[in-house]
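Below: the structure, in structure tokens.
Only this structure's heavy atoms are used, side chains among them; waters, hydrogens and symmetry mates stay out.
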Amino acid sequence: MNPFILALQARNLTVEIHHHAAYQIVLSNDVPFTSTFSGTKHDSIHGFLIKPHVPHFCVAEKGTLNVLNIEPYSTLGLQLAGKFKGNMDAVVFESPTETNIFFETPKESLDVNTIIDTLLSKLPDVAYDERVTKIVEYIKANYFKSDITPQTFANLVFLSPSRLASLFKEQTGSSLSKYLLWTRLRQAIYITLTDKDRSLTDIAYDTGFYDLPQLNKYMYEMFGMPPKALKYSSDLIQVY
């Protein structure tokens with residue numbers, strides 16, 4: 001059960017101050033950029049890892065940035081949490097070499113897929129309870145249904161909603177509601193970036209959101225940008 005990772009390439013990026021619920025890794029393998037975290041400015045950096053909910057903004061008027069947004073409740077999110085020392089809000093990479101040392105990638109390359117593969121290779125193998133697996137498969141197949149409730153899941157595996165919620169969080173690190181939300185966002189983002197002629201309103205309805213304002217709300221909350229900005233300023237690398 002892989003964590004949710006949204007990998008994007010953003011061109012000529014200038015992002016106003018914002019925060020989001022995801023862990024975020026931002027890397028440049030060409031032109032250094034400037035970013036500010038909690039009021040502290042960092043010039044000519046090559047990348048950073050930032051905690052959820054930390055106010056920040058970024059200016060990269062030239063070049064292309066690789067942006068990874070990682071589900072904070074996942075096993076990978078919890079591993080990234082352990083990489084911050086003391087009261088650090090962000091880990092800043094002054095050079096490509098620092099980036100490779102931090103992520104323990106096999107060579108001095110900022111290929112984003114190599115970094116993702118390295119992160120995923122270090123996740124522990126988990127034998128999931130068959131009831132958790134059944135719920136995950138149900139969400140994958142039915143995420144677009146807007147009438148899913150905790151009782152819907154409980155009826156599938158013959159557990160009370162409270163017992164199932166406890167079991168699911170224990171095994172995945174995520175609540176059921178968050179897992180469903182991130183699955184819907186994953187699908188909405190994938191469609192937004194692969195079918196750019198599709199209206200955002202249709203995408204919202206087709207992925208289980210009540211309407212476009214609700215999709216806007218959760219997209220901004222999770223990633224610090226509305227789907228409209230994502231649609232016109234980014235290219236999809238991969239959604240895991």
Side-chain angles (χ1 to χ4, degrees), residues 1-11 13 15 20-33 35 37 42 44-54 56 58 60 63-86 88-128 132-133 136 140 171-174 178-179 182-183 185-187 189-190 193-194 222-225 230 234-240:
M1 191 185 303
N2 283 339
F4 173 86
I5 303 175
L6 168 65
L8 302 171
Q9 284 188 335
R11 304 173 299 278
L13 183 70
V15 180
H20 41 67
Y23 281 93
Q24 189 176 77
I25 300 168
V26 177
L27 303 170
S28 171
N29 57 359
D30 45 35
V31 181
F33 62 98
S35 199
F37 316 106
H42 298 267
S44 297
I45 64 175
H46 283 265
F48 62 81
L49 163 65
I50 192 168
K51 287 180 177 179
H53 305 299
V54 174
H56 63 287
C58 184
T64 301
L65 297 182
N66 296 318
V67 182
L68 308 183
N69 293 284
I70 298 163
E71 179 186 358
Y73 325 100
S74 64
T75 304
L76 178 55
L78 296 175
Q79 286 193 357
L80 290 175
K83 291 185 175 291
F84 294 89
K85 297 178 182 179
M88 293 171 59
D89 288 333
V91 179
V92 176
F93 309 122
E94 303 287 351
S95 68
T97 300
E98 286 187 12
T99 307
N100 290 112
I101 291 172
F102 183 85
F103 290 110
E104 301 177 8
T105 44
K107 60 182 179 179
E108 188 168 323
S109 165
L110 290 186
D111 176 71
V112 67
N113 291 304
T114 300
I115 290 175
I116 292 171
D117 290 342
T118 301
L119 290 170
L120 293 178
S121 71
K122 295 177 181 178
L123 294 179
D125 292 328
V126 178
Y128 290 101
V132 170
T133 301
V136 168
K140 286 180 180 178
Q171 293 229 315
T172 67
S174 175
K178 291 293 186 185
Y179 192 87
W182 278 76
T183 301
L185 286 171
R186 175 194 293 122
Q187 298 301 323
I189 290 165
Y190 179 79
L193 294 176
T194 57
M222 295 298 176
F223 307 119
M225 65 174 69
L230 192 72
S234 304
D235 292 322
L236 181 68
I237 298 175
Q238 186 59 273
V239 177
Y240 292 81

- Item | Evaluation steps, side-chain contact (heavy atoms from CB on, under 4.5 Å), between Leu76 and Glu71 | CA-CA 8 Å; Leu76 178 55; Glu71 179 186 358; over 6 Å; no
Minimal non-hydrogen separation, [X] against [Y], with atom names:
| X | Y | value |
| --- | --- | --- |
| Ala21 | Pro52 | O-CB, 3.2 Å |
| Val91 | Phe102 | CG1-CE1, 3.8 Å |
| Ala90 | Phe84 | CA-CE2, 3.8 Å |
| Tyr23 | Gly77 | CE1-O, 3.5 Å |
| Lys122 | Glu104 | NZ-OE1, 2.7 Å |

- Task: Run through Leu80, Thr99, Leu68, Val92 and flag the one making a side-chain contact (heavy atoms from CB on, under 4.5 Å) with Leu49.
- Result: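 Answer after filtering Leu80, Thr99, Leu68, Val92: Leu80.
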- Sole candidate of Ser95, Cys58, Ser28, Ser35 that passes side-chain contact (heavy atoms from CB on, under 4.5 Å) when paired with Ile45: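 For Ile45, the side-chain contact (heavy atoms from CB on, under 4.5 Å) check succeeds only for Ser35.
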Heavy-atom side-chain contact between [X] and [Y] under 4.5 Å:
| X | Y | result |
| --- | --- | --- |
| Leu119 | Ile25 | yes |
| Val26 | Phe33 | yes |
| Leu185 | Met222 | yes |
| Arg186 | Thr183 | yes |

- Report the relative orientation of the aromatic rings in His56 and Phe48; use parallel for angles under 30°, tilted for 30 to 60°, perpendicular for over 60°.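 If you compare the ring of His56 with that of Phe48, the planes turn out perpendicular.
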